[in-house]
Structures are given as structure tokens and as C-alpha cells.
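Heavy-atom basis, side chains included; hydrogens, waters and symmetry copies ignored. In listed order, ligands and their atoms are each counted from 1.
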Amino acid sequence: MRSVFVILGLLVYTEAPGSSALTPVFVQKGKDVLLEAMVADVPKTFIVFQWRFNKSIALVSFSPGGELTVSEAYTRRVESIGKTYSVKLKNLQDSDSGVYTARVIKTQGEQTVAEYNVTVQDPVAPVELTVNSVSNSSDSCNLTVTCSTQDSHHISSTLTCDTKTCSQEGGERSKVTTSGASLLVYLVNDSIICNYSNQVSWTKDSKMIGEFCRRHAGSENLSAGFSLCLVRTVMFSVGLIVMVSAVIGVHLMDRFNKQK
Ligand SMILES: *[C@@H]1O[C@H](CO)[C@@H](O)[C@H](O)[C@H]1NC(C)=O
Ligand SMILES: *[C@@H]1O[C@H](CO)[C@@H](O)[C@H](O)[C@H]1NC(C)=O
Ligand SMILES: *[C@@H]1O[C@H](CO)[C@@H](O)[C@H](O)[C@H]1NC(C)=O
Ligand SMILES: *[C@@H]1O[C@H](CO)[C@@H](O)[C@H](O)[C@H]1NC(C)=O
Ligand SMILES: *[C@@H]1O[C@H](CO)[C@@H](O)[C@H](O)[C@H]1NC(C)=O
Ligand SMILES: *[C@@H]1O[C@H](CO)[C@@H](O)[C@H](O)[C@H]1NC(C)=O
Ligand SMILES: CC(=O)N[C@H]1CO[C@H](CO)[C@@H](O)[C@@H]1O
């Protein structure tokens with residue numbers, strides 16, 4: 001009889017953690033995180049409602065009356081949100097990365113009601129996109145660019161332009177760093193863009209291709225060329241009209257004088 005009880009207890013215990021999914025949450029270092037208890041799941045009668053870190057470390061406990069007890073290690077870092085059993089953990093540091101679990105302890109066992117996998121990340125470092133080399137001719141222009149991050153990651157890419165469009169050799173270039181940030185170099189319209197990002201932040205740098213390949217792609221180039229041509233035509237026409245008018249004027253004046 002006793003062994004049946006133990007087996008049942010084990011069943012309840014092993015089944016409970018699977019009852020709620022582990023939700024991934026990314027937080028920027030120094031910011032706060034809201035740990036929401038799925039309040040609808042909280043049974044009416046329980047002994048204690050508890051938030052734990054990495055299964056073993058207690059953060060806070062709520063009594064059925066809603067009374068809050070904050071563990072010593074978390075004093076002034078935890079705030080309860082209304083009467084919902086949800087808590088806000090403030091000023092997160094790297095050591096706060098881990099699994100946060102809300103558990104309801106009842107006379108007949110424990111139940112997990114919410115579970116979060118919190119990852120604390122630093123914002124990504126600034127990036128700089130540099131043009132390493134330009135080779136151009138009358139009908140093509142090639143560029144090699146390198147994107148460097150201030151934390152020493154690099155990625156290079158080669159661009160080939162004909163008189164109308166530019167393309168990136170091998171398509172978009174990307175790289176994922178060991179800390180999980182991704183570095184991406186890609187072409188949009190007539191700019192080459194480098195984007196360094198993680199789950200909490202991103203930085204970018206970009207260059208207009210037109211700065212390096214004058215005759216080639218670049219939305220200004222063709223329209224600029226066109227407007228330059230227009231200006232020349234207008235100026236030439238105005239000049240011609242002035243000259244013709246002058247000639248006619250002189251001629252008319254001459255005739256007028258002769259008639260006199
Ligand atoms: C919490 O668990 C994570 C892995 O889930 C581990 O990386 C981290 O060091 C643990 N933190 C503490 C304080 O135990
Ligand atoms: C929590 O998320 C981090 C980052 O995505 C991952 O590396 C880790 O394996 C996750 N931990 C658990 C227990 O799922
Ligand atoms: C640019 O690259 C293309 C393809 O690799 C090549 O055909 C072209 O000659 C190059 N142009 C210049 C100016 O180097
Ligand atoms: C190629 O680049 C050089 C240096 O930037 C520039 O002086 C030259 O005019 C360019 N040639 C063409 C055909 O665009
Ligand atoms: C690219 O050009 C199109 C058309 O001019 C514009 O609508 C779009 O916003 C541009 N994209 C970017 C990323 O600048
Ligand atoms: C850079 O990448 C991040 C993450 O993918 C994205 O949210 C952001 O809009 C991108 N920035 C630019 C300028 O494309
Ligand atoms: C080569 C190229 O893309 N040229 C652009 C120059 O400007 C015109 C008018 O704005 C654009 O239509 C072209 O795409």
C-alpha cells in the first residue's frame with residue numbers, strides 16, 4: 001500500500017514540469033523582466049505559491065492570503081505585480097540567466113504553472129563598414145567591403161556592379177558569433193548595409209555604392225546625369241535665343257537707321 005503511494009507521488013511529480021512550456025525570454029543587461037504567473041492555472045487551495053530560480057533557489061513565496069515573502073538574496077530586486085502572483089525582477093545581470101519556475105505547492109503535491117528560460121545579453125558593440133578596394137572600368141565596378149565590430153568580429157563581401165545594377169557575390173553574407181550575435185552584410189537599393197544584432201539590440205553602418213562607383217548603380221546617378229543634360233540643353237537654348245535676338249535686333253536697328 002505504501003509503495004503505491006510513493007509511485008503515485010512520483011507520477012504526479014514527474015508529470016507536473018511538463019504541464020507548462022518553457023518560454024524563452026531575452027533581457028538586456030541592467031533591464032527588468034516580468035515573470036508572469038499564469039494566474040488562471042492557480043488552484044484555489046494551496047500551501048504556498050513560489051518562484052524559484054534554476055529549480056533550487058527560492059526568490060519569493062506567496063501565502064494563500066497573498067502575503068509576500070522575498071528571499072534575502074533578492075531583497076529590493078523583486079516586486080510583486082498586483083494580486084496576480086506575477087513578479088518583476090529588476091536590474092538583471094549575467095548571473096541571473098537561467099530557468100525561473102512558478103510552483104504551487106499543495107497538500108497533494110506540486111504543480112508548475114509557469115516556466116521561463118531567461119537569457120541576459122549585453123547590447124551589441126558598434127560596427128564599422130569599410131571599403132577595402134575599388135576596381136572600376138567604363139562598364140563595371142567592383143568593391144570589396146569589410147564590416148568590423150568593436151569586439152573584433154569581421155565579415156567581408158564583394159560587390160559587382162554593371163552600368164545598371166549591383167549584386168553581391170554569393171548573396172548575403174552572414175556570421176554568428178559565439179555569444180549568439182549575428183553579423184550580416186547585404187545590399188538594399190544602392191546601399192551596402194552591415195547589421196550586427198542579437199535578441200536585445202542591433203547596430204548598423206552603411207555606405208552608398210554611388211560614392212565609390214560614380215558611373216554605376218546609384219539612384220542619383222542616372223537622374224543626376226539626366227538633369228545635368230537638361231541644364232545644358234536649357235542653357236544652350238537660352239544662349240542661342242539671346243544670340244539670335246541680338247542679331248535680329250542689330251539687323252532691325254540697322255534697317256531703321258537706314259530708313260531714317
Ligand atoms: C542557472 O542555470 C543555468 C543553466 O540553465 C546556468 O548556466 C547558470 O549558471 C545557473 N545559475 C546559477 C546561479 O545556478
Ligand atoms: C535557454 O536559452 C538559452 C539561449 O537560447 C539556451 O542556450 C539554453 O539551452 C536554454 N535552456 C533551456 C533549459 O532550455
Ligand atoms: C568586376 O568583376 C567582374 C566579375 O568578376 C569582372 O568580369 C569585371 O571585369 C570586374 N571589373 C573590374 C573593373 O575589375
Ligand atoms: C575609377 O576610379 C577612379 C578613382 O576613384 C576615378 O578617378 C575614375 O574616374 C574611375 N573611372 C570610371 C570609369 O569610373
Ligand atoms: C528602396 O527603394 C524603394 C523605392 O525607392 C523604397 O520604397 C524603399 O524604402 C527603399 N528601401 C530602403 C531599405 O531604403
Ligand atoms: C538589423 O537586424 C535586426 C534583427 O534582425 C532588425 O530588427 C533590425 O531592423 C535590422 N536593422 C536594419 C537597419 O535593417
Ligand atoms: C543605374 C540606376 O539604377 N540608375 C537610377 C538613376 O535614377 C533613375 C531615376 O531616379 C532610376 O530610375 C535609376 O534606377
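What sits closest to atom 4 (C) of ligand 2 on the protein, heavy atoms only, is Thr119 OG1, 3.6 Å. Counting protein heavy atoms only, atom 6 (C) of ligand 2 is closest to Asn117 ND2, 4.1 Å. For atom 5 (O) of ligand 2, the closest non-hydrogen atom of the protein is Phe26 CZ, 3.8 Å. Closest to atom 9 (O) of ligand 1, if we only count protein heavy atoms, is Asn54 ND2, 4.7 Å. The protein heavy-atom contact nearest to atom 13 (C) of ligand 2 is Leu22 CD2, 3.8 Å. Looking at atom 7 (O) of ligand 1, its nearest protein heavy atom turns out to be Ser97 O, 4.9 Å.
Judged by distance alone, the side chain of Ser86 and the main-chain N or O of Ala37 form a donor-acceptor pair under 3.5 Å. Proximity of a side-chain donor or acceptor of Asn189 to a complementary backbone N or O of Ser191 within less than 3.5 Å is not detected.
Look at Asp122 and Lys29 and you find a salt bridge, because one of the NZ, NE, NH1 or NH2 atoms lies within 4.0 Å of a carboxylate O, short of that distance. By the 4.0 Å N-to-carboxylate-O rule, Asp32 lies too far from Arg77 to be salt-bridged with it.
Residue contacts with ligand 6: Asn195 is placed with a nitrogen or oxygen under 3.5 Å of a nitrogen or oxygen of the ligand (distance criterion only). Taking distance alone, with nitrogen or oxygen atoms compared against 3.5 Å, Ser95 stays at or beyond that limit from ligand 1.
In this model, Cys147 has its SG atom within less than 2.5 Å of the SG atom of Cys194. SG atoms of Cys166 and Cys213 are separated by 2.5 angstrom or more, inconsistent with a disulfide link.
Linking ILVMFWY residues whenever their side-chain heavy atoms come closer than 4.5 Å, directly or via other members, leaves Val113 and Ile105 in distinct clusters.
Each of the atoms 12 (C), 14 (O) of ligand 6 lies under 4.0 Å from some heavy atom of Tyr186. Near Lys204, meaning under 4.0 Å from any of its heavy atoms, are these atoms of ligand 6: 13 (C).
For atom 11 (N) of ligand 2, the nearest protein heavy atom is under 4.0 Å away.
In this structure, the separation between CD1 on Ile209 and SG on Cys161 is 5.0 Å, given to the nearest 0.5 Å.
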